[in-house]
Peer 1: 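One structure is given below, represented as structure tokens, and several questions about it will come after.
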Amino acid sequence: MSDASAPQRSTGGALLAAPAFAILAVLFIVPMILLFVVSFWRVRNFALTPDMSLDAYTRVFVTYGDVLVSTMANGSVTALICVGLGFLFAYAARFRAGRWGDALILVAIITLFGGYLVKIYAWKAILSTDGFLNAILVATGVSAEPLDTLLYNRGAVIVALVHFLLPFAILPIYGQLRSVNDIQIEAAHDLGASGRQTLIRVIIPQCRIGLFAAFAISFLYAAGDYITPRFLGGGSGTMIGQFIAQEFSTRFNWPAGAAMSFVLMAASLLVLGLVGILFVRRKPS
Amino acid sequence: MRGFESEDPILRLAGLGKRFGHADVVKDIELTIPRGSFTAILGPSGCGKSTLLRMIGGLTLPTSGRIEIDGEDVTYTPPQKRPTNTVFQSHGLFAHMSVHENVAFGLSLAGRPREEISDRVADALKLVRLSGFEGRTVDRLSGGQQQRVALARALVMRPKILLLDEPLSALDLKLRQAMQEELRAIHLDTGGTFIFVTHDQAEAFALGDRLIVMNQGRIEQAGPPGEVYARPRSRFAAEFVGDANFLTGKRNNGRVALDIGVQFDLPGPDGMLNLMLRPEAARLHTAGADSREDGRISVEGVIKEVVDLGPFAQCRFDLGGGHHIEISGIPRTMIGEIAVGSRVSASWPKSALVDVTP
């Protein structure tokens with residue numbers, strides 16, 4: 001039966017995928033190709049000149065090498081925290097919350113309504129010198145004076161990114177945890193596994209794809225972000241996205257911006273590839 | 001209700017009960033299970049049989065009573081520390097592991113040496129006839145093969161008691177029968193104690209050397225399957241283990257008067273009476289054959305409906321006055337003689353009547 005309907009299904013599938021494919025092609029693939037071509041051009045007298053030059057790429061590594069590394073690090077740390085917290089939340093929703101599990105996930109999704117800029121300003125309000133956190137620190141006597149080190153650094157950027165990205169990390173992990181059935185967990189206990197052994201040998205191995213998806217989503221978003229570091233980053237929290245935006249806008253250096261974009265993309269794929277090998281590879285037994 | 005008396009019990013349940021909210025799912029179970037026996041727990045869905053099994057395995061904690069395995073109190077021992085292993089209805093195999101890894105799981109947790117693990121896994125897979133399947137992933141196995149892996153995964157632990165929770169109910173009939181045969185062979189091979197939960201009467205009889213009929217959280221009757229079938233103690237037990245006719249009447253001074261208009265002597269207390277008669281215990285008598293043998297109860301009636309089942313036939317036998325009984329096991333040779341509407345007599349030995357008066 002499935003054999004007979006298979007050809008139909010594939011034409012049907014192609015038709016269903018066509019609109020999304022068209023949107024991706026027009027709005028993503030074509031601009032990417034154009035951008036890739038532009039990355040080898042030069043700028044002369046504020047005008048783009050076609051060329052086959054690697055100047056822009058040289059500029060990326062010479063000028064922005066350290067920012068690139070720092071961006072990858074911030075992205076990775078953000079993604080790891082999201083995966084860790086996301087797993088704890090998803091685990092609690094799946095195994096500890098009973099019939100309230102789905103409600104917990106709904107709450108996590110609802111926090112997305114808060115919007116992205118709102119969260120950045122919220123953290124600004126919390127972490128600034130006359131902010132909420134400092135008020136508490138001073139009031140409780142932990143600190144004699146308000147600290148001006150809470151804001152405008154790497155930590156502030158990561159905290160705000162985690163706050164924003166956590167729901168995106170929770171969803172894929174929760175989805176996979178739901179496919180681990182309760183009988184498997186009972187069977188593991190029945191065969192002598194403690195709670196911890198069940199977690200490590202039965203539950204986590206079955207949601208590796210979800211963990212990786214959570215990492216990938218958080219990492220790609222965090223590594224490409226330029227708003228959060230601009231508002232909260234200050235010195236140590238700068239990220240390459242800010243400079244890409246600058247190259248395209250104020251400096252009008254499209255080749256440099258394009259080259260930075262592609263280097264950022266390549267570096268991100270490299271990080272994801274390495275993490276993917278760690279996460280998804282089947283453990284030899 | 002009393003369970004079995006046994007000189008060498010492996011399992012003893014005393015006053016065992018489980019309450020979920022306000023509902024008593026299992027009530028006051030008293031039971032001992034002899035070492036090496038194959039016990040079938042039979043009952044309708046919701047009768048508490050799975051809950052009882054889960055309490056023995058430690059997957060559900062009882063709210064009252066006590067569980068002893070091999071003389072040791074394990075009432076509140078977690079499943080990972082009990083000498084029991086369970087085969088689940090929906091197998092619960094680890095989807096991310098191969099057949100070998102699934103079966104080896106328990107032994108590797110127990111820290112057994114590698115050579116011992118691979119030997120014992122190989123033996124267990126041989127026992128369930130899955131040698132050579134070690135490297136397969138479990139989702140590429142058929143339903144029957146998956147259930148056999150689950151069986152091997154439990155057997156390899158050499159549990160003092162193997163618990164089987166309707167492990168065959170998801171399989172089709174042919175496969176189920178083949179698996180029943182294998183289970184019996186494996187029970188003989190290993191000499192272990194098996195407790196098997198099922199709602200299927202035929203399966204309970206095919207497998208168990210002990211039968212426990214459960215209803216509404218209680219043990220309705222326990223004993224060898226043949227005895228439960230022949231001498232049920234309640235209407236429920238009678239109906240659940242097979243087909244049954246019920247004849248109501250009254251007894252006065254040891255004289256029974258059934259509502260179908262028959263009288264005979266049967267000692268017992270005075271009052272209302274409900275007697276059970278298995279359909280195959282009654283015999284039809286055609287063409288004036290003498291049915292008035294000693295000790296037999298004879299009735300006249302009209303054949304209402306005949307169902308030819310192949311090897312045998314069964315019929316509905318109208319006794320007049322709104323009473324009728326089912327008679328089965330009518331031999332093929334008689335089918336031609338029992339036309340619908342014909343008036344014949346039927347008889348059964350008095351000993352075939354079982355008192356199931358509540």
Side-chain angles (χ1 to χ4, degrees), chain A residues 1-3 6 83 87 90-91 94-100 172-215 275-285, chain B residues 50 53-54 56-60 77-112 114 117-118 121 134-135 137-139 146 149-157 159 161-163 165 167 170:
Chain A
M1 209 179 111
S2 60
D3 285 346
V83 168
F87 182 81
Y91 183 89
R94 166 67 180 81
F95 293 111
R96 295 280 181 268
R99 58 206 174 88
W100 297 103
I173 300 174
Y174 184 66
Q176 281 232 298
L177 281 178
R178 288 205 5 160
S179 71
V180 178
N181 71 30
D182 294 325
I183 308 286
Q184 283 186 30
I185 290 158
E186 290 193 334
H189 290 312
D190 186 66
L191 292 163
S194 64
R196 202 174 132 265
Q197 286 167 322
T198 305
L199 180 67
I200 291 168
R201 298 184 60 155
V202 176
I203 297 173
I204 290 179
Q206 290 192 65
C207 58
R208 281 182 304 206
I209 305 278
L211 291 171
F212 179 66
F215 183 92
V275 173
I277 288 168
L278 285 174
F279 267 105
V280 183
R281 181 192 56 178
R282 242 196 97 107
K283 259 185 291 176
S285 53
Chain B
S50 284
L53 197 79
R54 291 173 59 84
I56 298 169
L59 298 166
T60 297
T77 308
Q80 57 264 37
K81 297 198 174 131
R82 284 194 198 206
T84 56
N85 285 107
T86 305
V87 181
F88 297 89
Q89 179 173 4
S90 54
H91 63 70
L93 292 178
F94 305 125
H96 58 297
M97 295 184 195
S98 69
V99 169
H100 176 92
E101 288 167 327
N102 264 280
V103 180
F105 185 77
L107 292 175
S108 92
L109 286 174
R112 311 306 305 176
R114 191 174 284 264
I117 293 178
S118 65
V121 169
E134 284 85 351
T137 50
V138 289
D139 56 359
Q146 288 176 336
V149 175
L151 185 59
R153 184 176 68 174
L155 280 170
V156 79
M157 302 304 289
I161 305 175
L162 181 70
L163 305 168
D165 189 2

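In what follows, chains are A, B, ... by sequence order, proteins preceding strands, each numbered from 1.
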Peer 1: If you define the side chain from C-beta out and look only at heavy atoms, does anything of Phe105(B) sit under 4.5 Å from Arg201(A)?
Peer 2: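 When only atoms from C-beta onward are counted, Arg201(A) and Phe105(B) do touch, with a gap below 4.5 Å.
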Peer 1: Under 4.5 Å from any heavy atom of chain A, what part of Phe88(B) do you find: side chain, backbone, both or neither?
Peer 2: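 For Phe88(B), the contact with chain A is made by the side chain alone.
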Peer 1: Please state whether the side chain, the backbone, both or neither of Leu107(B) comes within less than 4.5 Å of a heavy atom of chain A.
Peer 2: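 Contact with chain A: none, neither part.
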Peer 1: Minimum heavy-atom separation for Ala187(A) to Gly92(B), with atom names?
Peer 2: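 Looking at all heavy atoms of both residues, the shortest contact is CB-O, 3.9 Å.
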Peer 1: I need the residue from Ile185(A), Asn181(A), Val202(A) with the largest number of non-hydrogen atom pairs under 4.5 Å to chain B.
Peer 2: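 Most heavy-atom pairs under 4.5 Å with chain B: Val202(A).
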Peer 1: Write down the atom of Ser90(B), the atom of Ile183(A), and the distance for their closest heavy-atom approach.
Peer 2: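 Residues Ser90(B) and Ile183(A), closest heavy atoms: OG-CG1, 3.6 Å.
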Peer 1: Could you tell me which residues satisfy side-chain hydrogen bond (donor to acceptor under 3.5 Å, both in side chains) with Gln206(A), sequence neighbours excluded, listed by chain and number?
Peer 2: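 side-chain hydrogen bond (donor to acceptor under 3.5 Å, both in side chains) check on Gln206(A) returns Gln184(A), His96(B).
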Peer 1: With a 4.5 Å cut-off on side-chain heavy atoms, are Arg54(B) and Glu186(A) touching?
Peer 2: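 In contact.
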Peer 1: Minimum heavy-atom separation for Leu191(A) to Asn85(B), with atom names?
Peer 2: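 Scanning both residues, the minimum pair turns out to be CD2-ND2, 3.7 Å.
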Peer 1: Indicate the atoms forming the closest heavy-atom contact of Gly57(B) with Asp190(A), along with that distance.
Peer 2: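 Shortest heavy-atom separation between Gly57(B) and Asp190(A) comes out as O-OD1, 4.4 Å.
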